[in-house]
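Proteins come first, then strands; the chains are lettered A, B, ... in the order of their sequence lines, and each starts at number 1. Both backbone and side-chain heavy atoms feed into the values below; hydrogens, waters and symmetry mates do not.
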Amino acid sequence: MPKGNASNAELASIFATMSQLLELTGANRFKVNAYSRGARVIESRTEDLVALALEEGAKKKLTAIDGIGQGIAEAIIEFATSEDIAEHDELLSRVPAGLMQVLDIPGLGPKTVRAMWQEMGVEGIADLKRIIDDGSIKELPRMGAKTIENIKEAMEFQARSGGRTPLGIAMPLAEAVQEELRAVKGVKQLQFAGSLRRGRETIGDLDFLACTTKPDDLREAFCTMEGVEKVLARGETKSSVRLKRDGLLIQADLRIVPASSFGAALMYFTGSKEHNVRLRERALKHDLTLNEYGLFPEDDEDTPPQSRGVKAVASKDEEAIYSALDLEFVPPELREDDPVEGLAATGAGLIDVSDIKAELHAHTTASDGRMSIEELAGAAKVRGFHTIAVTDHSVSSAIAGGLDPDRLRAHIDAVHEADGRVKGISILAGSEVDIKPDGSLDYDDDLLAALDIVVASPHSSLAQDPKAATKRLVSAIEHPLVHILGHPTGRLLPKRAGLSPDMSKLFEAAAGSDTALEINAHWKRLDLRDAHVRGALEAECLIAIDCDVHSEGHFDNLRYGILTGRRGGLTPASCINTWGKAKLHKWLKSKR
DNA sequence: GCCGTTTTCGGCCCGACTGTTTTCAGTCG
């Protein structure tokens with residue numbers, strides 16, 4: 001892909017890499033942190049920063065972004081103009097590429113990996129295996145038998161586990177563990193935290209937090225529950241295990257805290273790390289100090305306040321801690337970075353699963369769905385929806401049994417017939433129409449106009465270059481008969497990146513043509529993704545959250561779409577699926 | 001490298017746990 005079209009994601013990955021390379025060269029750790037934060041900030045922006053870097057006054061615009069200063073701004077501009085960052089190239093030439101994989105092994109940090117490289121000539125996983133096998137690894141400082149054994153196991157774990165786990169896989173597992181542990185005698189409170197509670201699209205490990213009157217029993221239950229392969233740590237308050245269930249291999253941590261500290265601990269364990277750092281910095285400015293036991297007066301003593309019996313200003317619940325820091329409560333989904341940014345989005349109240357009243361993207365046996373029209377309507381009714389849209393695939397999606405025009409006309413009649421017969425829910429005749437690579441749609445306008453609702457989605461040519469993808473999607477968005485742009489980038493987690501259009505152009509087009517952008521709630525898609533939702537809302541776009549239902553269970557993916565929406569700051573008013581029947585149907589008809 | 005309701009210099013969150021140590025370094029979140 002030409003670098004002139006590089007997306008923010010690619011730029012972010014360069015800075016993330018630079019941060020790790022710097023770590024391995026033993027650079028200043030604050031610079032390492034700054035690059036790593038810069039990478040996260042870049043990835044979360046929806047405006048095209050490479051394009052921005054070529055504009056008048058670029059440096060000023062870039063440094064206006066929190067986390068981007070002179071240095072990173074100049075590097076972005078350098079990248080935009082010369083298609084290269086000299087420091088990046090220089091680091092790549094100094095540090096062997098394979099060392100990054102060694103750094104990825106759990107338990108191995110920059111200090112150890114650097115020593116392996118400098119002292120033993122390790123340049124990758126194969127070299128590490130070699131010095132373990134021939135025993136020469138023992139020459140490194142602090143490298144005893146136990147540590148070597150742990151490294152071997154961690155390497156095996158890394159090779160067997162597929163990296164981060166999709167939200168939709170991790171959530172049911174965490175809920176099952178949560179239920180089991182809540183049943184242990186003495187447990188007063190127990191809940192999962194971490195990136196799962198924040199609703200991130202992928203999860204690194206499972207974090208559980210508990211209050212109990214019998215800590216020994218809970219610790220024992222945790223370390224011996226079904227699927228525990230290895231106990232990694234078993235301390236007074238913190239235990240870690242490697243868990244294997246349903247073919248999934250994942251690390252799980254349990255932290256036991258006193259009830260009086262539950263809020264502070266939940267906050268700490270929910271993260272993000274960056275959010276915690278921001279809060280702790282903010283606390284210091286208020287002459288307070290924040291840790292997982294509570295918010296305490298800062299007294300410049302060396303030992304932790306809770307160990308000296310100092311009374312906390314706040315600790316029992318999260319709300320009290322935010323409040324004592326002069327902040328509105330920040331919902332977990334908005335805790336990726338600075339709490340102040342979350343503040344603006346929370347005022348009106350984020351969307352919730354119970355707000356959703358319609359499913360507008362569903363397939364039947366007419367194409368690749370498992371349910372008939374009636375079964376689909378019945379399942380939607382059970383969920384309290386007032387409207388279900390039948391949107392089977394169009395002719396180009398041949399593998400999915402896409403309908404040719406004649407079949408679609410017959411299908412429209414069948415849907416309308418069912419709508420007349422089934423009481424208690426409106427059944428709309430629609431289509432998920434393929435957006436062809438040139439931006440044209442799969443049916444002619446006469447046929448599209450006969451549909452109650454049109455969801456236009458890209459399914460093919462998903463490696464198209466960004467400029468062509470932007471043109472393609474904008475053209476579909478601006479088509480007067482299209483209501484919703486379905487899964488806009490076509491990505492599939494974790495492997496398929498999908499299209500990388502200039503999202504800000506999509507947002508502009510969608511806001512201008514009153515077309516809604518879909519958050520596809522399937523956990524393999526979550527497309528729009530969180531950062532895109534935020535950008536779309538800033539551009540005042542309408543959002544649709546749909547489950548892309550193929551079978552009844554798919555309705556249950558709604559919560560993942562909701563979490564993604566919340567991470568983008570979505571409120572009910574901006575989401576068409578929350579509207580009452582009259583308002584929604586009026587909006588749909590406005591495009592007919 | 002980033003940042004500033006004292007600061008454009010001098011800071012940069014805080015604690016648990018492990019393993020290898022006779023008092024602590026490294027990693028993690």
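For A/S44, there are no side-chain hydrogen bond (donor to acceptor under 3.5 Å, both in side chains) partners at least two apart in sequence or on another chain. For A/Y268, there are no ring-ring contact (aromatic ring centres under 6.0 Å, His included) partners, not counting sequence neighbours. In this structure A/H522 satisfies the ring-ring contact (aromatic ring centres under 6.0 Å, His included) test together with A/H554, sequence neighbours excluded. For A/F222, there are no ring-ring contact (aromatic ring centres under 6.0 Å, His included) partners two or more places apart in sequence or in a different chain. Residues satisfying the salt bridge (Lys or Arg N to Asp or Glu O under 4.0 Å) criterion with A/D287, sequence neighbours excluded, are absent altogether.
Mapping A/V113 and A/A73 onto DNA chain B via the closest heavy atom, the residue that lands nearer the 5' end is A/A73.
To the nearest angstrom, P of B/dC2 lies 7 Å from OH of A/Y35. Whole-Å rounding puts the A/M18 CE to B/dC2 C1' distance at 15 Å. One interatomic measurement links the two molecules: NZ of A/K111 to C1' of B/dT20, which rounds to 16 Å at whole-angstrom precision. The CG atom of A/L206 sits 18 Å away from the P atom of B/dC28 (whole-angstrom rounding). One interatomic measurement links the two molecules: CG of A/D253 to C1' of B/dT27, which rounds to 13 Å at whole-angstrom precision. A/I42 has its CD1 atom 12 Å from the C1' atom of B/dG1, to the nearest Å. For A/E23 and B/dG1, the CD to P distance is 16 Å, given to the nearest whole Å. Atom NE2 in A/H286 sits about 11 Å away from atom P in B/dT6, given to the nearest Å.
Between A/E318 and A/R197, at least one side-chain nitrogen of the basic residue sits less than 4.0 Å from a carboxylate oxygen of the acidic one, meeting the salt-bridge criterion.
Minimum atom distance to the side chain of A/T237 is reached by B/dA16, of the listed B/dG26, B/dC3, B/dA16. Distance from the side chain of A/F269 is smallest for B/dG29 among the nucleotides B/dG29, B/dT27, B/dG1.
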Contact list (N/O, under 3.5 angstrom) for nucleotides 11-15 of chain B vs protein:
unit_1, atom_1, unit_2, atom_2, d
B/dC13, O2, A/R280, NH1, 2.5
B/dC13, N4, A/K273, NZ, 2.8
B/dC14, OP1, A/T289, OG1, 2.9
B/dC14, O4', A/R280, NH1, 2.9
B/dC14, O2, A/R280, NH1, 3.3
B/dG15, OP1, A/N291, ND2, 3.2

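You'll find the side chain of A/M155 reaches within 4.5 Å of the side chain of A/K129, heavy atoms only. A/E23 is not listed as a side-chain neighbour of A/V113, based on a closest heavy-atom distance of 4.5 Å or more.
The separation of B/dC12 from B/dT7, taken at their C1' atoms, amounts to 14 Å, rounded to a whole angstrom. When the C1' atom is compared between B/dG4 and B/dC14, the two are found 23 Å apart, to the nearest whole Å. Spacing of C1' atoms, B/dC17 relative to B/dT21, comes out at 15 Å, to the nearest Å. To the nearest whole angstrom, the two P atoms, one in B/dG15 and one in B/dG10, are 26 Å apart. On the P atoms, B/dG1 is 34 Å away from B/dA16, given to the nearest whole Å. Rounded to whole Å, the C1' atom of B/dC24 lies 9 Å from the corresponding atom of B/dT20.
Residue A/G271 is classed as having no contact, given no heavy-atom separation below 4.0 Å to the nucleic acid. In this structure, A/A193 reaches neither bases nor backbone, as no heavy-atom distance under 4.0 Å exists between it and the strands shown. Using a 4.0 Å heavy-atom cutoff across all strands shown, A/D207 reaches no nucleic acid atom at all. Counting any heavy atom pair closer than 4.0 Å across all strands shown, A/P141 reaches no nucleic acid atom. When heavy atoms are screened at a 4.0 angstrom cut-off, A/G67 is found touching the sugar-phosphate backbone but no base atom.
Pairing of B/dC14, defined by two Watson-Crick or G-U wobble distances under 3.5 Å, is identified with B/dG29.
For B/dT18, neither phosphate oxygen OP1 nor OP2 lies less than 4.0 angstrom from any side-chain nitrogen or oxygen of A/T147. Between A/S272 and B/dG29, a side-chain N or O to OP1/OP2 separation shorter than 4.0 Å is absent.
Partner of A/E336 under the side-chain hydrogen bond (donor to acceptor under 3.5 Å, both in side chains) criterion, out of A/K273, A/R40, A/R567, A/R200: A/R567 alone.
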